[in-house]
Structures are given as structure tokens and as C-alpha cells.
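Notes follow once the structure below has been shown.
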Amino acid sequence: MAHQPGRHFLQIPGPTNTPLPVLAAIAKPTIDHRGPEFQALGREVLAGIRTIFQTEDPVIIYPASGTGAWEAALVNTLSPGDRVLMVETGWFATLWSRMAKRLGLEVELLPGDWRSGVKADAVEARLGQDRGGAVKAVAVVHNETSTGVTSDIASVRRALDRAGHPALLMVDTISSLGSIDYHHEEWGVDVTVGGSQKGLMLPPGLSFNAISQKALAASRDAGFPRSFWAWDEMLAANANGFFPYTPATNMLQGLKVAIDMLHDEGLDNVFARHDRAAEATRRAVRHWGFEIQCADPREYSSALTAVRLPEGHSADRLRAEILRRSNLSLGNGLGPLADRVFRIGHLGDFHDLMVTGTLSGVEMGLAACGVPHRPGGVEAAMSYLNGNLATARAAE
Ligand SMILES: *Cc1c(COP(=O)(O)O)cnc(C)c1O
């Protein structure tokens, strides 16, 4: 492809823009992963990453995409044939359930409409019928990246507690970690799955399992064979700051900087910045006259917004035109939402101008493609951002 002048706008909901200090750390020379310099780095990132999951529990770091950490969560805690309850919030929940089936688990998928999150009442009702404790795990997605819907994980925890059910609770936070408030420990989650390339502002390539004491105990009796993903060998090596096989050394150098950046800004400020960008985006979308895929405002995602185009208009054609004209990438519709929606990522390292710049690219693309809309969405977003300087003030 011919060079396009100007900076590329990567506004898909992950991978996200990697800030220069993180890129610079990754570009440093690779170090001996069995030497003292690495040991200090290993200790620092293994301790630091816990603060992002908001837990004192151990967090394992894999040199793998998020999908690897999905598999690790399942094979370390369960046995072939075990029953797992999942909730069809969208594409990513569906993919995780397909993986569970391929591994030989008995998957029960509570159906969903791809416009709403996990219904804690439905989980409680299902678990209430399971007097024999056949369900070994409940596995849900915190932020469903295909729909822009964030589920209330604390309410899912309460559903398990009210049902008095002993199942493990597993949560995918791949697109919420570092963008949307999440508490592994306080919310009683047994395995939290995370990834590097979304809110953590790193390139793809690292993923995480945060592990409760209950999950650790379950791993001792779990019947799945596992080796690369095995928690016991990881935790034994991690105790000294090392890894059982070559870790992604340079990515860990970047992770250290990313964690420091999140704490320098303050996690609460980071989350508020995401909330604000999301609200600005929704105001533009509503002004244009489009529907937001997430049906319940209480479940709006602060990491991304999925936008429904009017019937008869191709979201993929719009995205292609915006890429060509403005060098701006937007997320595509996944599964049944293909070509029906496009997704605006507003997570990771960005500021107001990137939000309004992104919305400008969309608004110009709408006009170019002849998609009927009310012009002025960008102004609606700007006036919201101008009137709401909460994040800017908090940072002063
Ligand atoms: C991106 C994403 C995944 C997939 O992660 P990979 O790194 O592509 O393997 C899974 N779940 C959610 C919610 C995601 O956003």
C-alpha cells in the first residue's frame, strides 16, 4: 500500500495505541532472563501487575495472546467432562465457550441478545437448580468487546453466594483491565483472565491469570493434562522473580513502564478518563441519529462503543472509506453483527483530541458514504468535553 501521510489513528478496541515510553522500554536491549537484572524486573512486574487486578493474589504472566490465558484458566482448574456455565454476551463469550467445548468440557451457554450483559438473576436461578453441584465453574466476560456492554461482576458474585453454590467464578477482563474499574479480590473472582494489548497499552503478546486461593486449591485436583500453562511450575519459578521458560523479556520491560504510567496518572483518573471519552462518543453517536448496540445505559462500556448503522448501509464499506480518507482504523462487527455495526475504541493511551479526531473521521466518512445522519456530532462531543473537565482538574 502507498504511504499515507500523517499519523495512523488506531481506534479499534484493541490492540490500542502504545505510548512512546512503553515502546522505548520494549526497544531496550534484551537481557539475560536468568540473570540478576531480570530477577529484579520479574519481581517488580509480578508485584506490580497485582495492583492492576486490585488483588494480593498471585498473577501469572504468559507469553501468549489472551486466548492462551482463557485456556490456562480452564485447564488448570477443571477436569474433562466438567460442567461450565457461560453467558452468551457476544462474540468473545461465544469463542470462550467454543474453546471449552473443544477441550472436552460440558458447556451450558445461557442465551443472550448481544445487546446486554450477564443477568445475575438467570445465573442464580440456574445454579439454584444445581443441587448436586454439577456446575464446576461460571465463566463470564466483564467487557464484551463485540457489543460494548460491561457486565456487573459484583452482582454475579452475589448470585453465586445467594445460590450457595461452590462453582469457581472466572472472568475475562481482556478489554477492561486498566480501562474500567475491576476488583479481582473484592469481587471474589477465582480466575481473572487479562491481556496486554488493550487497556494496558502494550502490543499484543502477554496475557494473565489472577488466581484466588480457592482456584489454586482446585488446580491441585484438576484432571486436565497441562504443561505450558501449568500454574504450579510458574508459581514456583515466580517466587524468585523468574519464569520456567523464556519469558517475553522485552514485553515485560514495557509492562513495567505501563504499570508505572497507570499509577502515575492514578487508576481512578484513568477510569474517569475512559468514562468521559465514552460519554463524549455516545453523544456524537446519538446526535448523528444512530443506535448504540448496548441497550441498557447502566451497561455502557467505557472502553468502546458499538454503533448500529441504519438498515441498508454497510458498516464495512464505511470503515474502508474512513481508512482510505483519514488513515483511521475502526473495529468491525463480529459474528452476526458483521457489517451491521462498527466499533469505536476509546481505551488505552489517548486524550480529548484523539476522541474528537476519531469522531471527525467518522463524521466525514458518513458524509462521503451518503449514510443519512445529522451533522454536528463532533460538536456535541466537544461541548460535553469542554463542560466536563473533571479529569483534567483531578490531574492538576
Ligand atoms: C481481545 C479479546 C479477547 C481475545 O484476546 P486475544 O489476545 O486476541 O487472544 C478475548 N476476550 C475479550 C473480551 C477480548 O476483548
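Both ligands and their constituent atoms are indexed starting at 1 by order of listing. Start at 1 with the first residue, then count along the sequence. Owing to the predicted nature of the structure, the values given are computational and were not obtained by experimental measurement.
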Carboxylate-amine/guanidinium proximity below 4.0 Å for R126 and D130: no

Part of T67 with heavy atoms under 4.0 Å of ligand 1, whether side chain, backbone, both or neither: both

Candidate with minimal heavy-atom separation from atom 3 (C) of ligand 1, of W91, W96, F92: F92

Proximity flag K198 to ligand 1, non-hydrogen atoms under 4.0 Å: yes

Proximity of Q197 to ligand 1 by residue part, where a heavy atom lies under 4.0 Å: side chain

Atom indices of ligand 1 within 4.0 angstrom of T145 heavy atoms, with elements: 12 (C), 13 (C), 14 (C), 15 (O)

Region of W70 that comes within reach of ligand 1 [heavy atoms, distance under 4.0 Å]: side chain

Geometric class of the Y62/W229 ring pair [parallel <30°, tilted 30-60°, perpendicular >60°]: perpendicular

S175: numbered ligand 1 atoms lying under 4.0 Å from its heavy atoms: 13 (C), 15 (O)

Distance (rounded to the nearest 0.5 Å) between L206 CG and L252 CG: 5.5 Å

Ligand-residue contact atoms, ligand 1 with S65, heavy atoms, under 4.0 Å: 6 (P), 7 (O), 9 (O)

Stacked cation flag K198 on F92, 6.0 angstrom / 45 deg: yes

Option nearest atom 12 (C) of ligand 1 (shortest heavy-atom distance, choices T89, L304, D172, N143): D172

Sidechain-backbone polar pair: S146 side chain, W91 backbone, donor-acceptor under 3.5 Å: yes

Short side-chain donor-acceptor distance under 3.5 Å, H142 and T150: no

Proximal ligand 1 atoms for G66, defined as those under 4.0 Å from one of its heavy atoms: 5 (O), 6 (P), 7 (O), 9 (O)

SB check E106 K101 (cutoff 4.0 Å): no

